[in-house]
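When a ligand or atom number is given, it counts from 1 through the structure's own listing order. Atom set for the values below is all heavy atoms of this structure, side chains included, hydrogens, waters and symmetry mates excluded. The first residue in the sequence is number 1, and the count goes up from there.
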Amino acid sequence: MNPRIERIRQLLGELDAESTTAPRGDLGFSALELPEIIGEIVDDLQPILTAYDAAFYWFLFRHSIAKDGNPQIRVSRSTLRRAVVKSSYTDAEENMISFGKVQDTLRALEEIGAIQKLGEPNRQGTLYRVLIPDEIEACRKNRAERIADETELFPLPDNSAHRKRMQVFERDGYKCRRCEKQLTRFTATIDYVQSPHEGGIDSPENLITSCAECNTRGSSKSS
Ligand SMILES: [Zn+2]
């Protein structure tokens with residue numbers, strides 16, 4: 001073997017290894033937030049997934065957000081094919097699902113908006129970002145319908161502060177009304193259109209979803 005080719009191989013390997021250490025996600029999740037996120041995956045995401053989609057999503061979730069709070073994960077098709085689920089179509093000793101099924105499932109999850117491809121594949125696989133129900137439009141729609149049903153069955157007091165916040169977030173689609181940034185209930189804040197100093201009240205019309213940056217900017221400019 002030509003030693004220079006050997007050296008190039010080695011360098012390529014090192015480069016690959018470096019690019020697998022994904023940058024810390026744009027948002028991380030803390031362990032305290034996990035129970036709520038898991039509840040919402042079961043309530044709002046799972047009902048709109050097929051059994052395969054759900055198995056893949058839970059696998060990706062478990063190895064990203066549930067592992068260290070980072071929503072990014074690099075994963076290869078061969079890992080997914082081996083690790084997630086067995087085929088229901090074959091009794092073969094090694095009854096892995098097909099590469100095609102893995103590909104279809106990843107594509108379906110991307111179409112739903114449950115995962116996002118962040119780059120082209122390398123030898124360790126493809127970098128994905130795993131999204132939580134707050135960030136997935138289809139989930140928010142499903143949630144709105146579910147909450148409407150639940151309030152009929154179990155009416156909640158309208159004055160609860162938590163409920164009021166959630167209604168504002170839901171109405172604004174978890175987007176900052178000032179800079180349009182997509183937020184989650186963990187990063188979204190409530191801001192006033194007209195501040196209480198200027199006589200603004202806590203009515204839904206006077207409350208908007210805001211990111212932390214715009215919220216700080218907004219309140220400092222009001223003089
Ligand atoms: Zn903003």
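- Under 2.8 Å from the Zn ion (ligand 1), one finds the following protein N/O/S atoms: C176 SG, C179 SG, C211 SG, C214 SG.
- In this structure a side-chain-to-backbone donor-acceptor pair under 3.5 Å is present from Q194 to E198.
- Remark: the backbone N or O of L109 is not paired with any side-chain donor or acceptor of D53 at under 3.5 angstrom.
- In this structure, the salt bridge (charged side-chain N to carboxylate O under 4.0 Å, His left out) partners of R107, at least two apart in sequence or on a different chain, are D104.
- Side-chain atoms of T79 do not come within 3.5 Å of backbone N or O of V75 as any donor-acceptor pair.
- Side-chain atoms of N215 come within 3.5 Å of backbone N or O of I190 as a donor-acceptor pair.
- Ring geometry for F59 against H63 counts as tilted: the plane angle lies between 30° and 60°, on a 0 to 90° scale.
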